[in-house]
2 protein chains.
Amino acid sequence: MSTNKTGGRERRRHQGDNRVTLKDVAREAGVAPITVSRALNTPENVSAGLRERIDNAVSALGYVPNLIAGGLASAGTKVIPVVVPSLSILTYIEVIHGIQQTLEPAGYQVLLGSTDFDLEREASLVDTVLGYSPSGMIMTGLRHRESAERRLKAWGRPLVEIMELGETCIDMNIGVENTEAGACMARHLVEQGYQRIAFLGTGMAHDYRARLRYEGHRQALKAAGIESDVLFQDDQPSSYEVGRKLFLEALDARPELQALHFANDNLAAGAILEANRIGVRVPQDIAIGGYLGLSLGEHLTPRLTTVTVPRYEMGVEAAKMLLAKLEGGSPASSRVDIGYELKVREST
Amino acid sequence: MSTNKTGGRERRRHQGDNRVTLKDVAREAGVAPITVSRALNTPENVSAGLRERIDNAVSALGYVPNLIAGGLASAGTKVIPVVVPSLSILTYIEVIHGIQQTLEPAGYQVLLGSTDFDLEREASLVDTVLGYSPSGMIMTGLRHRESAERRLKAWGRPLVEIMELGETCIDMNIGVENTEAGACMARHLVEQGYQRIAFLGTGMAHDYRARLRYEGHRQALKAAGIESDVLFQDDQPSSYEVGRKLFLEALDARPELQALHFANDNLAAGAILEANRIGVRVPQDIAIGGYLGLSLGEHLTPRLTTVTVPRYEMGVEAAKMLLAKLEGGSPASSRVDIGYELKVREST
DNA sequence: CTGTTAGCGCCTTCAG
DNA sequence: CTGAAGGCGCTAACAG
């Protein structure tokens, strides 16, 4: 059945290497391999007749391009590494979701990388993923190891740094002003008349964006002439459980507290749920504010006051910026402030 | 500064193609390229002296391997595509997290793919990701398009199908018996003495695993001689909001209902939160059961009775099965039942 | 233990 | 619009 009349000694080295190649298609269609390549990648450069013959051959043989070979030859794969600090934090998941939903229809695949908030691992991850000759890349935050930053700059392809906003970025930047967002909630609490206010966070030793929000919180309280150093923190990843613990701890240690500013909605939700359980009234006994805008917040009783950040949209926009640059043009802007919004609900 | 004394006409075709290659390292260390390759991949096959010279050259030049070239030459990249139906559903996220945490330390990267529950897209996604010559792959569910299944079988490398358990799989399988899990909760509700029981789900038209749980629910009720067709459903993705809507709808349409069996904890949580808000007592006025074991369930008042599935662990195990096979051996078992557990809490 | 040789499958360049 | 030649960077196979 095979057309293998010419000696049949072609060495097939790798196991399972029975895949149909461009060459097979070319033979079937009676054209040169390069013509098949063109018919697939730039059909407008191939006559209609050949195009059809080639398309037929492709589906007859069930040809699927080897993207690795293509990537090697053209020095770039349609892979976009997305490096985030954690996959257990909903925020990053939602951003990734936005990125993926935007990139996949454009023919790009997301290569996932997680650093666990460790810049050293981030640097080595950068080395690894650059090894896949990606066309572009998305990273979290603006602070990186010197070595990673150098590598990325030398690489010179489209790169979007997300979640945070800064004066200088490697290539493109989209995010929010964490300091301002933290200050925003703090000011709101002050305006509501609360005086004894605490900040409650977790993993702040490595999550510097949370630290920035705390910094904003402190500045705002200081500006209002209020004690600004009441801080409760923990090391574990954010969860309802940690929020609950922090809440009980604060209640116990500083019963005079009037308002709690949580570093994120997971913690704040854990606190409200515990308040429900033990009969602490929010906000009458104590007010609670969060950060993020998780949908859960709207379903709690009382509904959670929070500073929302459009996370899914941030992912979408980051991907669009990348695509714009990948497809030749330059993005509308290489630095976009995705913004945040104070949602005053019932918990403050 | 450069050592480019030999004519300097080497053609560098691609933009930005100033990367250090294996050849550069070889020249620097005064050995053949293959020796560098070996020093990096199988150091035990290179003498200590050369190894050191090579390591020095590598760091002096800042060499980073081109994984694409390596992948082409050795017919396999250290990329593992993970294909899931959705990135907006926490379940899959947690599984992915487990997979990623297990694969990354072993030197593999996760390539993300999402099908939106569309088997047609799944099939084309399979074609695409196979183009990256992955070493192995993880897919969701046991039902695929004929074309995808054929392709995957012909591919012949390690593949784990997750989330569901079945008689026949392509290569390896880990998951739970959805039908039994559904029956388990239904039986529990009957044992608690509830007679008028409804099932409430969403997206069941495309999510056949949810349909299987409903099927189990029906069988269990039928076996107990109870009306088993009370079903409320919706098309949107699961969310607290949809759970809330379904809950109100059921309350309104069938006030005689005594227990609600939700297709997942997101929906069930939405219902409990709404019950809290409108003053419906759970379980006194109506009982509520879920499926998954989301951590939120333990923090609600009342705490949610649910059938838990170890999602993170399933990801870890799936990755381990894959690694076992990739690293030559064969996994302990190629079909593992990760199990589920009925957690009776306060909501039933 | 080290090197030589010959590709992996595709795409870039340059000719026709 | 189509084709021939050569190479992307690395590694498998086979010597020494």
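This structure is a prediction, so every number in the text was calculated from the model and none was measured. Excluded from the calculations below are hydrogen atoms, water molecules and symmetry mates; all remaining heavy atoms, backbone and side chain alike, are included.
Residues from residues 35-46 of chain B placing a heavy atom under 4.0 Å of any atom in DNA chain D, listed by number, are B/Ser37, B/Asn41. At a non-hydrogen distance threshold of 4.0 Å, nothing from residues 58-66 of chain A comes into contact with DNA chain D.
The side chain to side chain donor-acceptor pair (under 3.5 Å) search around A/Tyr63 returns none, not counting sequence neighbours. Remark: B/Ser59 engages no residue in a side-chain contact (heavy atoms from CB on, under 4.5 Å) (not counting sequence neighbours). Legend: residues meeting side-chain contact (heavy atoms from CB on, under 4.5 Å) with A/Leu152, ordered by chain and number and at least two apart, are A/Val126, A/Leu130, A/Met137, A/Met139, A/Trp155, A/Leu159, A/Ile170.
Checking each of A/Glu164, A/Glu161, A/Met163, A/Glu122 against A/Thr140 for a side chain to side chain contact (heavy atoms under 4.5 Å, CB included) leaves exactly one that passes, namely A/Met163.
If B/Ala69 and B/Val31 are placed on DNA chain C by their nearest nucleotide, the residue sitting closer to the 5' end is B/Val31.
Comparing D/dG3, C/dT4, D/dG7 against the side chain of A/Ala73 picks out D/dG7 as the nearest. The side chain of B/Ala32 lies closest to C/dT4 when the candidates are C/dC10, D/dC10, C/dT4. Nearest to the side chain of A/Leu72, among C/dG9, D/dA12, D/dG3, sits C/dG9.
Within the 4.0 angstrom heavy-atom criterion, no nucleotide atom of any strand lies near B/Ile68. Within 4.0 Å of B/Leu67, counting heavy atoms only, lies no atom of the nucleic acid at all. Within 4.0 Å (heavy atoms only), A/Leu22 reaches sugar-phosphate atoms of the nucleic acid but no base atom.
Residue-environment remark: NZ (B/Lys325) exceeds the threshold of 12 foreign heavy atoms within 6.0 Å.
Taking side-chain N and O atoms only, B/Ser74 has no distance below 4.0 Å to OP1 or OP2 of D/dC10.
Note: CD1 (A/Ile54) to C1' (D/dC1) measures 12 Å, nearest angstrom.
Here ring pair (Phe, Tyr, Trp, His ring centres under 6.0 Å) pairs that include residues 95-152 of chain A, with residues two or more places apart or in two chains, are A/His97-A/Tyr312, A/Phe117-A/His206.
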